[in-house]
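Quick note: residue numbers are just sequence positions, from 1.
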Amino acid sequence: MSEQIILNIAGVNKRFGGLQALTDVGIKITKGQIYGLIGPNGAGKTTFFNVITGLYQPDTGTFELAGKPYSPSAPHEVAKAGIARTFQNIRLFGEMTALENVMVGRHVRSHQGVFGAVFRHKAAREEEASIRRRAQELLDFVGIGQFANRTSRFLSYGDQRRLEIARALATDPQLLALDEPAAGMNATEKLALRELLVKIKAEGKTVLLIEHDVKLMMGLCDRITVLEYGKPIAEGVPADIQKNQAVIDAYLGGSH
């Protein structure tokens with residue numbers, strides 16, 4: 001049986017005025033993979049992420065999500081389509097509890113709408129209870145279930161990162177897109193993050209990951225694309241990427 005392609009993107013170009021930020025970028029991610037996107041600072045990784053998730057509109061490109069044409073539009077429409085993302089900088093609702101933050105993510109899949117929320121009829125109450133249960137399950141899954149009722153801004157840095165991932169998972173994404181989730185973490189927190197991502201993969205989820213920690217990426221990803229100056233210079237399994245001379249030159253600044 002052939003593998004299912006979750007995300008298939010080709011020919012993406014993006015220009016900002018006189019700057020060509022992306023040139024003919026594409027990736028193909030198979031269901032259940034952890035797929036990495038790496039490159040030196042300014043390589044275009046976050047720009048490409050922002051195109052995929054609807055924050056930037058591409059100049060050109062073809063997009064398919066789970067075998068169907070997909071048009072990156074407004075971020076909330078992208079979430080409904082099945083792509084959930086986190087950001088380099090933590091973006092939680094700081095005065096809400098951890099549980100409430102995850103419930104916000106889950107409401108993307110709710111059915112009762114504004115009418116149900118206002119009039120609190122039986123179906124709306126039942127759905128809200130279901131959302132609350134699922135939010136607690138996800139907090140337990142990422143390892144911070146004991147902090148469900150803690151205001152999110154009082155969580156540790158690593159636990160805030162876990163909370164962001166739980167909120168993204170609450171949307172039931174076909175693709176979980178994580179933008180530098182290990183940024184600012186210490187060694188212990190990075191190890192815990194790695195274990196969480198392996199756990200997420202074991203649940204059958206597909207992950208697209210940007211990360212500066214190349215060692216973490218090489219030990220975690222199934223396949224990797226490398227960008228330099230907005231162009232793909234290598235794609236393959238980590239063992240091949242590590243010995244690719246173009247990649248070595250891009251990171252170290254010359255032949256080594």
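- One distance of note links CD of E211 with CD of E180; it measures 6.0 Å at 0.5 Å rounding.
- Going from atom CD1 of I233 over to atom CG of D249 covers 8.5 Å, rounded to the nearest 0.5 Å.
- Formation of a donor-acceptor pair under 3.5 Å by the E100 side chain with backbone atoms of T97 is found in this model.
- Across every non-hydrogen atom of E189 and G158, the tightest pair is OE2-N, 3.5 Å.
- Under the 3.5 Å distance criterion, the side-chain polar atoms of Q136 are matched with a main-chain donor or acceptor of G145.
- Separating the CG atom in L196 from the CG atom in L169 is a distance of 7.5 Å, to the nearest 0.5 Å.
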- Task: Take E3 and K31 through the salt bridge (charged side-chain N to carboxylate O under 4.0 Å, His left out) test and state the conclusion after the steps.
- Result: CA-CA 7 Å; E3 297 176 320; K31 182 177 175 60; over 6 Å; no
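- Test I90, N101, V102 against S152 for side chain to side chain contact (heavy atoms under 4.5 Å, CB included) and you get one pass: N101.
- Within the 4.5 Å cutoff, no side-chain heavy atoms of I9 are placed close to those of E64.
- Side-chain atoms of E164 never come within 3.5 Å of backbone atoms of R161 as a donor-acceptor pair (strictly under, hydrogens ignored).
- With contacts defined as side-chain heavy-atom distances shorter than 4.5 Å, the pair R162/R167 does not qualify.
- Atoms CD1 and CG, on I38 and L227 in that order, are 9.0 Å from each other to the nearest 0.5 Å.
- Residues L55 and V78 fail the side-chain proximity criterion, which asks for heavy atoms closer than 4.5 Å.
- The nearest pair of heavy atoms linking V247 to A234 is CG2-CB, 3.6 Å.
- Proximity of the aromatic rings of Y56 and F48 is defined here by a centroid distance below 6.0 angstrom, and this criterion is not met.
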- Message: Walk me through whether R153 and E95 qualify under salt bridge (charged side-chain N to carboxylate O under 4.0 Å, His left out).
- Response: CA-CA 7 Å; R153 67 186 179 92; E95 298 303 321; 2.6 Å; yes
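- Judged purely by atom type and a 3.5 angstrom limit, D179 has no side-chain atom pairing as donor or acceptor with the backbone of T86.
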- Task: Could you go through the side-chain hydrogen bond (donor to acceptor under 3.5 Å, both in side chains) check for S156 and D159 one step at a time?
- Result: CA-CA 5 Å; S156 70; D159 287 343; 3.2 Å; yes
- Message: For D213 and M217: C-alpha separation, side-chain torsions, deciding distance, then whether side-chain contact (heavy atoms from CB on, under 4.5 Å) applies.
- Response: CA-CA 6 Å; D213 189 326; M217 295 288 272; 5.7 Å; no
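- Ion pairing between a basic and an acidic side chain is recognised when a charged N comes within 4.0 Å of a carboxylate O; K201 and D222 show such pairing.
- In summary, of the residues considered (D240, V237, I241), a side chain to side chain contact (heavy atoms under 4.5 Å, CB included) with I224 occurs for I241 alone.
- In this structure, the side chains of L65 and I6 come closer than 4.5 Å at one or more pairs of heavy atoms.
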- Does the pair N8 and I29 meet the rule for a side-chain contact (heavy atoms from CB on, under 4.5 Å), with working shown? CA-CA 6 Å; N8 189 6; I29 305 176; over 6 Å; no
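- A heavy-atom distance below 4.5 Å is not found between the side chains of M103 and M96.
- For N13 and T60, the side-chain atoms include at least one donor-acceptor pair closer than 3.5 Å.
- Without hydrogens or angle criteria, T30 side chain to I5 main chain gives no donor-acceptor distance under 3.5 Å.
- In this structure, L178 and F49 have side chains that are not in contact, with every pair of non-hydrogen atoms separated by 4.5 Å or more.
- Taking 4.5 Å as the limit, some side-chain heavy atom of V198 sits within range of a side-chain heavy atom of L220.
- Residue V51 is not grouped with residue Y229 when hydrophobic side chains (ILVMFWY) are merged at heavy-atom distances under 4.5 angstrom, including chains of intermediate members.
- K190 places no side-chain N or O within donor-acceptor distance of the main-chain N or O of L216, the cut-off being under 3.5 Å.
- I165 is connected to Y157 through a chain of hydrophobic side-chain contacts under 4.5 Å among Ile, Leu, Val, Met, Phe, Trp and Tyr, so both are in one cluster.
- For the residue pair T225 / Y35, a side-chain donor-acceptor distance below 3.5 Å is found, with atom types taken as modelled.
- Under the side chain to side chain donor-acceptor pair (under 3.5 Å) rule, N50 has a single partner from Q57, R85, K45, K14, which is R85.
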- Given the rule in the side-chain contact (heavy atoms from CB on, under 4.5 Å) test, do I200 and F141 qualify, once you have shown the distances and angles that lead to the verdict? CA-CA 9 Å; I200 289 170; F141 177 79; 3.6 Å; yes
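- A donor-acceptor contact shorter than 3.5 Å is absent between the side chain of K205 and the backbone of Q33.
- Across all non-hydrogen atoms, the minimal contact from L155 to A98 is CD1-CB, 4.3 Å.
- Residues G105 and A170 approach most closely at C-CB, 3.9 Å, considering heavy atoms.
- Under the 6.0 Å distance and 45° angle rule, R150 does not count as a cation-pi partner of F154.
- A salt bridge links R223 with E235; the closest basic N to acidic carboxylate O contact falls under 4.0 Å.
- Taking 4.5 Å as the limit, every side-chain heavy atom of I83 sits out of range of all side-chain heavy atoms of Q174.
- Using a 3.5 Å distance cut-off with no hydrogens or angles, the side chains of Q88 and T46 do pair a donor with an acceptor.
- The two residues N244 and A246 make their nearest non-hydrogen contact at OD1-N, 2.9 Å.
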- Message: The test is side-chain contact (heavy atoms from CB on, under 4.5 Å); show your working for F16 and T47 and say whether it passes.
- Response: CA-CA 11 Å; F16 297 101; T47 298; 3.9 Å; yes
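- To the nearest 0.5 Å, atoms CG (L22) and CG (D59) are separated by 9.0 Å.
- A166 and L138 get closest at one heavy-atom pair: O-CD1, 3.8 Å.
- Atom CD1 of I52 is separated from atom CD1 of I27 by 4.5 Å, given to the nearest 0.5 angstrom.
- Side-chain N or O atoms of R194 include one that pairs as donor or acceptor with a backbone N or O of G219 at under 3.5 Å.
- Ion pair K231/D24 not flagged as a salt bridge, since none of the NZ, NE, NH1 or NH2 atoms sits closer than 4.0 Å to an Asp/Glu carboxylate oxygen.
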